[in-house]
There are 2 protein chains.
Amino acid sequence: MSPNSGSPVLTPDQQETWFAYMRVMLRLSHEMNRQLQTDSDLSLPDFDVLNALADSPGGRLQLTGLATRLAWERSRLSHHLQRMSARGLVERSPSATDRRATDAVLTDAGRAALTAATPGHAELVRRMFFDGLDPALLPALRTALEQVHEQVLTHGTLPRPGRPQGRLPGLEPEA
Amino acid sequence: MSPNSGSPVLTPDQQETWFAYMRVMLRLSHEMNRQLQTDSDLSLPDFDVLNALADSPGGRLQLTGLATRLAWERSRLSHHLQRMSARGLVERSPSATDRRATDAVLTDAGRAALTAATPGHAELVRRMFFDGLDPALLPALRTALEQVHEQVLTHGTLPRPGRPQGRLPGLEPEA
DNA sequence: GGAAGCTACATGACATGTCACCCAATTCGG
DNA sequence: CCGAATTGGGTGACATGTCATGTAGCTTCC
C-alpha cells in the first residue's frame with residue numbers, strides 16, 4: 001500500500017483529455033445512431049452486429065465470441081439476435097462443433113442492409129471525425145488508442161476477443 | 001475484403017484508427033458501467049447527470065441545457081430524473097426566470113453519492129486509460145480529441161452547449 | 001459410466017431509452 | 001389584446017438492455 005496511491009488524482013492534462021474523450025464519445029454516439037436510424041433503418045447496435053458478422057469467415061460467429069467482440073452481455077446479444085432474426089437480418093444455426101453452441105449467421109438480406117448502410121456511415125465518420133483532425137496527429141492518435149485498447153484488454157474484466165479464451169497468459173499482444 | 005475501392009471514404013490508416021476508437025469505446029463503457037454499478041450503486045448515466053449538476057452553479061441546471069450537455073433526448077432526461085429523484089439524488093424545481101422551465105437540482109444525498117463514487121471512478125479511468133498510454137502521446141491525443149469535439153459541435157445535429165463550457169461527464173480533481 | 005461441475009444459451013421479469021404526442025407558458029404579428 | 005407559432009417539458013406505449021435463473025451439452029475424474 002503506497003501512501004499516495006489510495007487517492008488517485010489525474011493530472012490536469014489527463015483530466016482535460018478525459019473530458020474531451022467523454023464529450024466526443026457522447027456526441028458521436030448520438031450522431032451515429034441518428035444517421036443510421038434515419039438513413040438505413042438500423043440502430044448502431046444492429047450495425048455493429050452486422051459488421052462483426054460480415055468480418056468473420058462465412059459471415060458466422062458463435063454467440064459467445066460475438067458477445068465478447070462487441071463487449072456485450074450474452075443475454076443482451078441473445079435478445080437482440082432474436083429481434084434481428086425476426087427482421088430477417090441474421091439467422092441462428094446450431095454450431096457444427098458444439099451442440100450446445102449457436103452461431104449467428106448473416107443472411108443475404110443482412111449483408112445487403114450492411115452494404116447499403118456502410119457508405120453513409122463511413123461518410124458521417126469522415127465528416128464528424130477525420131475532417132476536423134490535423135492529419136499530422138493521426139499516427140499519434142492511432143497509436144494512443146491502440147495502447148489504451150491493449151490496456152483495457154489486459155486489465156479489464158472482459159476476456160480477450162478473437163480466439164478461445166482461457167489460454168495461458170504471456171501471449172504476445174496484437175493490434 | 002474491399003474490392004470496390006471506388007468509395008472515396010476512409011484511408012486505411014483512418015479505418016484502423018476508427019476501429020481502435022470503437023473498440024476502446026465499447027470496452028471502456030462496459031468497464032465504467034460495471035465499476036460504478038458494483039462499487040457505488042450508480043449507473044454511468046446517473047454519474048454523468050450528477051457530474052453535470054455538480055459542475056453547475058448552485059448544483060442546478062435547466063433541463064434543456066442539461067440534456068444538450070449530455071447529448072441526451074429530453075424525454076430520456078425527463079424519465080431519468082424522475083427515477084433519480086425517486087432515489088433522492090436530485091430534485092426538480094421550477095425555474096425562476098421562465099415559468100414553464102424546470103431546473104434539476106442536486107440534493108445533498110446526490111452530492112454525497114457523487115463524492116463517494118468519484119475516487120473509484122477516477123481510479124478506474126487512470127488504470128484503464130492512462131496507465132497504458134505513453135505520456136509522450138498525451139498532448140497529441142488531447143489535441144486530436146479536442147479537434148474532433150469541435151468538429152462534431154460544428155457539423156453535428158446537436159446545438160452547442162451552454163456558454164459555461166465547464167466540465168462534462170467526468171470527474172473533478174477532488175481535493 | 002456416471003455424478004459434479006463447467007460452459008453455451010434462452011427466457012421472463014424488470015430497468016432503461018425512444019418515439020409520438022400532449023399541454024402550458026412565452027413570443028410574435030396583427 | 002388575440003390567436004398562431006414556438007419553446008420547455010411531461011407522459012404512455014413500446015423498443016431495448018440487465019439480472020437472475022433455467023436447461024442442455026460438454027468434461028473431469030473416480
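Here is how names work: the chains are called A, B, and so on, in the same order as the sequence lines, proteins then strands, and each is numbered from 1. Every value quoted in this text rests on a predicted model; they were computed, and no experiment measured them.
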**Study point:** Donor-acceptor side-chain pairing of A:R74 and A:T64 below 3.5 angstrom
**Key:** yes
Review point. Distance only, no hydrogens: is a donor on one side chain within 3.5 Å (strictly under) of an acceptor on the other, for B:D39 and B:Q35?
Key: yes
Just how far, in rounded Å, is [atom2] of [N] from [atom1] of [X]?
X: B:N33; N: D:dC19; atom1: CG; atom2: P; answer: 9 Å
X: B:L44; N: D:dG17; atom1: CG; atom2: C1'; answer: 14 Å
X: A:L77; N: C:dT11; atom1: CG; atom2: P; answer: 13 Å
X: B:L36; N: C:dT16; atom1: CG; atom2: P; answer: 14 Å
X: A:Q37; N: C:dG17; atom1: CD; atom2: P; answer: 16 Å
X: A:R76; N: D:dA20; atom1: CZ; atom2: P; answer: 18 Å
X: A:W72; N: C:dC9; atom1: CH2; atom2: C1'; answer: 16 Å
X: A:E73; N: C:dT16; atom1: CD; atom2: C1'; answer: 14 Å

Salt-bridge criterion met for [X] and [Y] (N-O under 4.0 Å):
X: B:R83; Y: B:D46; result: no
X: A:E31; Y: A:R27; result: no
X: B:R160; Y: B:E150; result: yes

All N/O contacts under 3.5 Å from nucleotides 12-15 of chain C to the protein, with atom names and distances to one decimal?
residue, atom, partner, partner atom, Å
C:dG12, O6, A:H79, NE2, 2.8

Pairs of donor and acceptor atoms involving the side chains of residues 93-103 of chain B, under 3.5 Å and at least two apart or interchain, shall be tabulated with distances.
residue, atom, partner, partner atom, Å
B:S93, OG, B:R60, NH1, 3.1
B:S93, OG, B:R60, NH2, 3.2
B:S95, OG, B:T97, N, 3.2
B:S95, OG, B:T97, OG1, 3.3
B:S95, OG, B:D98, N, 3.4
B:D98, OD1, B:R100, N, 3.1
B:D98, OD1, B:R100, NE, 3.1
B:D98, OD2, B:R100, NE, 3.2
B:D98, OD2, B:R100, NH2, 3.2
B:D103, OD2, B:R60, NH1, 3.0

Review point. OP1, OP2 of C:dC9 versus side-chain N and O of A:Q82: anything below 4.0 Å?
Key: no
Practice item. Would you classify B:R92 as touching base, sugar-phosphate or nothing, given that sugar-phosphate means primed atoms plus P, OP1 and OP2, and contacts are heavy atoms under 4.0 Å? Key: sugar-phosphate
Review point. At under 4.0 Å between heavy atoms, what does A:R99 touch on the DNA or RNA strands: base, sugar-phosphate, or nothing?
Key: sugar-phosphate
Review point. Partners of B:S56 by side chain to side chain contact (heavy atoms under 4.5 Å, CB included), sequence neighbours excluded?
Key: B:L61, B:R69
**Study point:** For A:A144, side chain to side chain contact (heavy atoms under 4.5 Å, CB included) partners two or more places apart
**Key:** B:L133, B:L137, B:L141
Revision key, fill the gap. DNA chain D nearest-nucleotide lookup for B:D103 and A:D46: closer to the 5′ end is B:D103
**Study point:** Nucleotide of D:dG17, D:dT11, C:dT18 approaching B:S78 most closely (side-chain heavy atoms)
**Key:** D:dT11
Grab the N/O contacts between the protein and nucleotides 5-8 of chain D below 3.5 Å, and write none if there aren't any.
residue, atom, partner, partner atom, Å
D:dT7, O2, B:R100, NH1, 2.6

**Study point:** ring-ring contact (aromatic ring centres under 6.0 Å, His included) against B:H80, all qualifying residues, sequence neighbours excluded
**Key:** B:W72
